[in-house]
Amino acid sequence: MKRKHPYPSDSDSDSDSDSHSGSDSDSRTGSDSESDSDSNSHSHSGSDSESDSDSNSHSHSGSDSDSDSDSDSDSDSDSVSDTEERCISCSEICVPDDAGFCIKCADVIAETERGLKKELNDLKADADFLALSSKSFSDVVLIASDAGAVARPIQAHKAILMSRSPIFKAMFENEMEESRRGIIKIGEVSHEVLQTFVNFLYTAKATPDEEMACDLLIMSEKYQVDYLKSQCEKFLVSKLKPENSLMYYAFADQYNAKNLADAALSKILKNMEMVTRTEKYRELAKTDPRLLVQIYEARLVKQGTSKDNPIILP
């Protein structure tokens, strides 16, 4: 800045002030224009950076939401897979009921039970007019061959036996020797079991223990009395434990008791480690390894092989 003369003249003062005002205005104008341009450039760059920052934040938030949705979908799929199992009857993936069956198989079982209940009602209606205690007009005698020389005959009626069992019906219709003589020997059964079996054919009632239920299931399979077989299976299923599940699985396989076999197999798979330590397991490994193969196949289907579920060979 120029030092002013201590005593300037008026003309000098005026010219100086004019020149100063001119230069000041020019400098102000220049600086104002520069500041405007700077402010414009700053504002543009600021808005650009803000837009970039906004786009980046949007992209980050989008990716975060995508990852969140992916994690949510993963967790959802995990939760679904945790609730799904395989039906113990058809092996389809499903959300089973308490008994381990899918909806389709449960409907089939329910329909079968309705049919069996109808058969039971018909059986009771037919038995109303004929009590077992009445021996009037009995035309056939059943004898348990395992009872020996002291076998007591069990009197019955051909019409009742034929209506309850397709095997008895074929026997009497084909005029086999036993039907002509009116004496039929039933092999491999005790008198008590045969008496209980005949009682059921007349009354549709039985109160067996486990041993009797097994014997009646064998008789019902032999003479194709489906309702009795179903009742025996249901009773034995209620008695299943990890300790006897393998025994009942082998028994059910021998006498085509599918419901009992499915329930026993489910019990085995849930207690595999315990079952493999039983004497029955070691016995089957020698006498019927086919059953063990079936069990391991079912285990592979249901659980798969992994380090947590190793295959235990006999």
Side-chain angles (χ1 to χ4, degrees), residues 85-91 96-102 105-106 108-117 119-120 123 144 146 188-201 203-285 287-288 290-292 294-299 302:
E85 294 183 13
R86 290 187 181 273
C87 173
I88 64 174
S89 179
C90 67
S91 298
D97 59 12
D98 293 337
F101 296 104
C102 66
C105 291
V108 172
I109 294 172
E111 182 64 28
T112 302
E113 287 184 350
R114 284 192 291 270
L116 291 174
K117 286 180 180 178
E119 183 179 342
L120 173 61
L123 178 60
D146 285 3
E188 300 180 354
V189 64
S190 67
H191 175 82
E192 181 184 5
V193 172
L194 181 58
Q195 182 70 71
T196 305
F197 176 70
V198 174
N199 285 356
F200 184 88
L201 296 182
T203 65
K205 295 178 182 179
T207 55
D209 54 18
E210 284 189 59
E211 183 178 358
M212 177 63 74
C214 290
D215 291 332
L216 289 177
L217 190 148
I218 295 171
M219 289 289 293
S220 63
E221 168 67 13
K222 181 177 180 179
Y223 290 96
Q224 298 180 16
V225 184
D226 293 337
Y227 183 72
L228 175 59
K229 183 177 180 180
S230 174
Q231 292 299 101
C232 291
E233 285 188 80
K234 188 178 294 186
F235 176 81
L236 293 174
V237 166
S238 69
K239 302 298 181 182
L240 279 174
K241 298 178 290 186
E243 296 80 4
N244 62 17
S245 57
L246 194 56
M247 177 191 71
Y248 277 125
Y249 181 69
F251 174 77
D253 178 80
Q254 183 177 358
Y255 295 103
N256 301 313
K258 187 177 186 305
N259 291 335
L260 177 59
D262 290 341
L265 180 59
S266 178
K267 184 74 71 174
I268 290 170
L269 295 179
K270 290 178 180 178
N271 300 275
M272 196 67 179
E273 186 176 353
M274 179 187 297
V275 169
T276 55
R277 294 198 298 264
T278 62
E279 183 62 31
K280 186 64 177 179
Y281 181 90
R282 290 187 287 272
E283 178 186 335
L284 282 180
T287 60
D288 197 354
R290 172 186 59 89
L291 290 181
L292 298 185
Q294 291 178 1
I295 291 170
Y296 283 116
E297 286 177 346
R299 186 167 185 250
K302 184 175 181 180

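Since the structure is predicted, the reported quantities are computational estimates derived from the model, not experimental observations.
Across all their heavy atoms, Cys214 and Tyr248 have their closest contact at SG-CE2, 3.8 Å. Nearest heavy atoms, Glu233 versus Lys258: OE1-N, 3.5 Å. When all heavy atoms are compared, the tightest approach of Ala264 to Leu240 is N-CD1, 3.6 Å. The shortest heavy-atom contact between Asn244 and Lys239 is ND2-O, 3.1 Å. Contact detail for Ala285 and Leu292: the closest heavy-atom pair is CA-CD1, 3.6 Å. Here the closest non-hydrogen pair linking Ala144 and Val189 is CB-O, 3.5 Å.
Rounding to the nearest 0.5 Å places SG of Cys102 at 12.0 Å from CZ of Arg86. Put simply, CG on Asp209 and CZ on Phe235 are 6.5 Å apart, with the number rounded to the nearest 0.5 Å. Within the model, atoms CG of Leu260 and CG of Leu265 stand 11.0 Å from one another, a figure rounded to the nearest 0.5 Å. With values rounded to the nearest 0.5 angstrom, Lys241 atom NZ is found 11.5 Å from Met274 atom CE. One distance of note links CZ of Arg282 with CG of Leu246; it measures 11.0 Å at 0.5 Å rounding. In this structure, CZ on Phe200 lies 7.5 Å from OG1 on Thr203, to the nearest 0.5 angstrom.
Counting non-hydrogen atoms of other residues, nucleotides and ligands closer than 6.0 Å to CD of Glu283 gives a total above 12. Atom CD of Glu188 is surrounded by 12 or fewer heavy atoms from other residues, nucleotides or ligands within 6.0 Å.
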Could you walk me through whether Leu116 and Gln231 pass the side-chain contact (heavy atoms from CB on, under 4.5 Å) test, one step at a time?
CA-CA 10 Å; Leu116 291 174; Gln231 292 299 101; over 6 Å; no
Evaluation steps, side-chain contact (heavy atoms from CB on, under 4.5 Å), between Val275 and Ser245:
CA-CA 8 Å; Val275 169; Ser245 57; 3.9 Å; yes
Decide yes or no on side-chain contact (heavy atoms from CB on, under 4.5 Å) for Asp215 and Glu192, but give the supporting numbers first.
CA-CA 10 Å; Asp215 291 332; Glu192 181 184 5; over 6 Å; no
Between Leu269 and Ile295, does the side-chain contact (heavy atoms from CB on, under 4.5 Å) criterion hold? Intermediate values first, please.
CA-CA 8 Å; Leu269 295 179; Ile295 291 170; 4.3 Å; yes
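The main-chain N or O of Asp262 is never found under 3.5 Å from a side-chain atom of Ser266 such that the two would form a donor-acceptor pair. Counting only distance, with no hydrogens or angles, the side chain of Ser230 and the backbone of Asp226 share no donor-acceptor pair below 3.5 Å. Judged by distance alone, with hydrogens and angles left aside, the side-chain atoms of Lys229 form a donor-acceptor pair with the main-chain N or O of Asn256 at under 3.5 Å.
Residues Leu217 and Phe251 have side chains in contact (heavy-atom distance under 4.5 Å, counting atoms from C-beta outward). Side-chain contact between Thr196 and Met219 is absent, with no heavy atoms from C-beta onward closer than 4.5 Å. Counting only heavy atoms from C-beta outward, the side chains of Asn259 and Val237 never approach each other to under 4.5 Å.
Using cut-offs of 30° and 60° on the angle between ring planes, the pair Phe197 and Tyr223 is tilted.
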